[in-house]
**Student:** 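First, the structure itself, so that you have it in front of you.
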Amino acid sequence: MAGKVISLLGLQWGDEGKGKVVDNIAKDISAAVRYQGGHNAGHTLIVEEKTMVFHLLPSAICHENIRCYLGRGVVVSLDALFEEIDDASEIIKGVEEKLVISPACSLIQPYHIKLDQLREKSNTSITIGTTGRGIGTAYEDRVGRRSIRAIDLFNESRLHNKLTEVLEYYNFLFVNSFGQEPIDFHELYDLNLVQAERLKPLIGNVGNEIKQLIEEEKSVLFEGAQGALLDVSLGTYPFVTSSNLIGGISSGVGISPTKIDYSLGIAKAYTTRVGQGPFPTELDNNIGEYLSKKGGEVGATTGRKRRCGWLDAVLLKHIVYLNGIDGICLTKIDVLDGLESIKVCTNYKSSHAIEDILESMILDEVEPIYTDFKGWNEPTYGLNRFEDLNSNARKYIAALEELCGVPIVMISTGPKREDTIIRDLI
Ligand code: GDP
Ligand code: IMO
Ligand code: MG
């Protein structure tokens, strides 16, 4: 990986195990960058028996000699950021010294969170099952050109004017559409000014620093949050998050899209989803319950139970193609240990091709057709050499490679950093 620019992307509906994988490969990289999303992400890693969950900070931050960046495409709640920095600093040295935040980041303000939660609670519109973190509402302001950006906090009169205008807009909604109390301008303005002081030393030109690192042939990792099926353009709209995944790297950092050398996709050996939306392979039975319990499938951000189902190779192959994935890291294979048989969706009962199904948003109309694979009793848990995997697990992996058309270059066999098989990573 030396000198390479790598994009790491979840290939399903999030929670594929990205945090663990980033942490595993971070020892070989110089810089880790978040370029989209916000504190809706929950990336878990376990290092020396300590469990950490990162929401906004790049998951590589526990490594020494690494620079961590939040690019301009990230929506930043300063409340969440400072809380996370404080928590992380109890375990990790020099968190703030490693971190650089773009002045162009749009800020998540309390009114974004309030509106997100009010909408989710109201029964007048469809609910998405958001994380309630104000992500969609903050991105609405970004495209609506109303955002308060990080740089605005350092110019008092500009902040005053922008906040006055935007609060008028939100308070009208709170009072008239939801019968709520308005948000107090002075309280929020003062909070922004206090937060500005702490934010100031963290601000830097992220795009420029990444450009320089790439020119110096340093290895840079772009850490996608969420998963490709939650991409606002390519995913299962409207049951998506509000940012672009791999396609957002260029605009979310400020680099040319041609700079990416390698795209590593992360896929779970089964599928999970949090929140509403179509999920053809969902298992509403004892196997779904088994995967949920054994896989510990509880949301790292909201604590919600994740919906579970079999791996969907039809969707996976298509997502691999759409996102130009070069290699896959297959995670949580150990959760399948002990199952007599394992199903993979290899086709749909539908007169439409997958390209049309996603483009026309009719994924809720398909029925999966499964191929059965023999399970295994010999545990894969904790293995770190490919040769030690039993032959049925190897057959399963080979079949997935064939179905997706790209190699499985890494296999994660447990939640800890060292529970990893590396086969052929660049
Ligand atoms: P992320 O959002 O993609 O980073 O994934 P999450 O952290 O939300 O969820 C993944 C969960 O699975 C976490 O609890 C991880 O500790 C755990 N995990 C990651 N990889 C593996 C694995 O290979 N096996 C098992 N059993 N657990 C894993
Ligand atoms: P990581 O990075 C799983 C889902 C929410 C909801 C939809 C929109 O840990 O994989 P939002 O709050 O973003 O407007 O919610 O997207 N969602 C995630 N699901 N993992 C995540 O992040 C998610 N981030 C958002 O559950 O369905
Ligand atoms: Mg997660």
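Below, each value reflects all heavy atoms present in this structure, side chains not excepted, and no hydrogens, waters or symmetry copies. The model shown is predicted, which means the values in this text are computed figures rather than measured ones. Numbers here are sequence positions counted from 1. Every number for a ligand or one of its atoms is a count from 1 in the order of the listing.
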**Student:** Would you check ligand 2 and list the protein residues that come within less than 4.0 Å of it by any heavy atom, ordered by chain and number?
**Tutor:** Trp13, Gly14, Asp15, Lys18, Asn40, Ala41, Gly42, His43, Ile128, Gly129, Thr130, Thr131, Ala225, Gln226, Leu230, Val240, Thr241, Val274, Gly275, Arg304
**Student:** For Glu209, is there an ion pair with Arg67 - N to carboxylate O distance below 4.0 angstrom?
**Tutor:** yes
**Student:** Report yes or no: is the cationic atom of Arg34 (NZ for Lys, CZ for Arg) under 6.0 Å from the centre of the six-membered ring of Tyr69, at an angle within 45° of the ring normal?
**Tutor:** no
**Student:** Using the test side-chain hydrogen bond (donor to acceptor under 3.5 Å, both in side chains), find all partners of Arg306 that sit at least two apart in sequence or belong to another chain.
**Tutor:**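 Residues passing side-chain hydrogen bond (donor to acceptor under 3.5 Å, both in side chains) with Arg306: Asp15, Glu297.
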**Student:** Return all protein N, O or S atoms below 2.8 Å from the Mg ion (ligand 3), chain by chain in residue order.
**Tutor:** Asp15 OD1, Gly42 O
**Student:** Walk me through whether Glu378 and Asn392 qualify under side chain to side chain donor-acceptor pair (under 3.5 Å).
**Tutor:** CA-CA 9 Å; Glu378 308 88 327; Asn392 284 355; over 6 Å; no
**Student:** Taking 4.0 angstrom as the limit, do Glu387 and Arg394 come out as a salt bridge?
**Tutor:**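 No, Glu387 and Arg394 are not salt-bridged.
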**Student:** List, ordered by chain and residue number, the protein residues whose closest non-hydrogen atom lies under 4.0 Å from any atom of ligand 1.
**Tutor:**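 Answer by chain and number: Asp15, Glu16, Gly17, Lys18, Gly19, Lys20, Gly42, His43, Thr44, Ala300, Arg306, Lys332, Asp334, Val335, Ser412, Thr413, Gly414, Pro415.
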**Student:** Quick check on Phe178: does its CZ atom have over 12 non-hydrogen neighbours (other residues, nucleotides or ligands) under 6.0 Å away?
**Tutor:**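 Counting other residues, nucleotides and ligands, CZ of Phe178 exceeds 12 neighbours.
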**Student:** Under a 4.0 Å N-O cut-off, is there an ion pair linking Asp388 with Arg385?
**Tutor:**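 A salt bridge links Asp388 with Arg385.
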**Student:** For Gly132, does its backbone N or O pair with a side-chain atom of Thr130 as donor and acceptor, under 3.5 Å?
**Tutor:** yes
**Student:** Roughly how far, to the nearest 0.5 Å, is CD1 of Ile148 from CG of Asp141?
**Tutor:**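 Between atom CG of Asp141 and atom CD1 of Ile148 there are 8.5 Å.
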**Student:** Can you confirm if the NZ or CZ of Arg307 lies within 45° of the ring axis of Phe279 and under 6.0 Å from the centre of its six-membered ring?
**Tutor:** no
**Student:** I need the single residue from Arg417, Lys50, Lys18 that forms a salt bridge (charged side-chain N to carboxylate O under 4.0 Å, His left out) with Asp23. Which is it?
**Tutor:**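 That would be Arg417.
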**Student:** Looking at Lys259, I want to see if its NZ is surrounded by more than 12 non-hydrogen atoms of other residues, nucleotides or ligands under 6.0 Å.
**Tutor:**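 Incorrect, the count does not exceed 12.
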**Student:** Let me confirm one number: the NZ-CG distance from Lys114 to Asn171, rounded to the nearest 0.5 Å.
**Tutor:**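 Atom-to-atom, Lys114:NZ and Asn171:CG are 8.0 Å apart.
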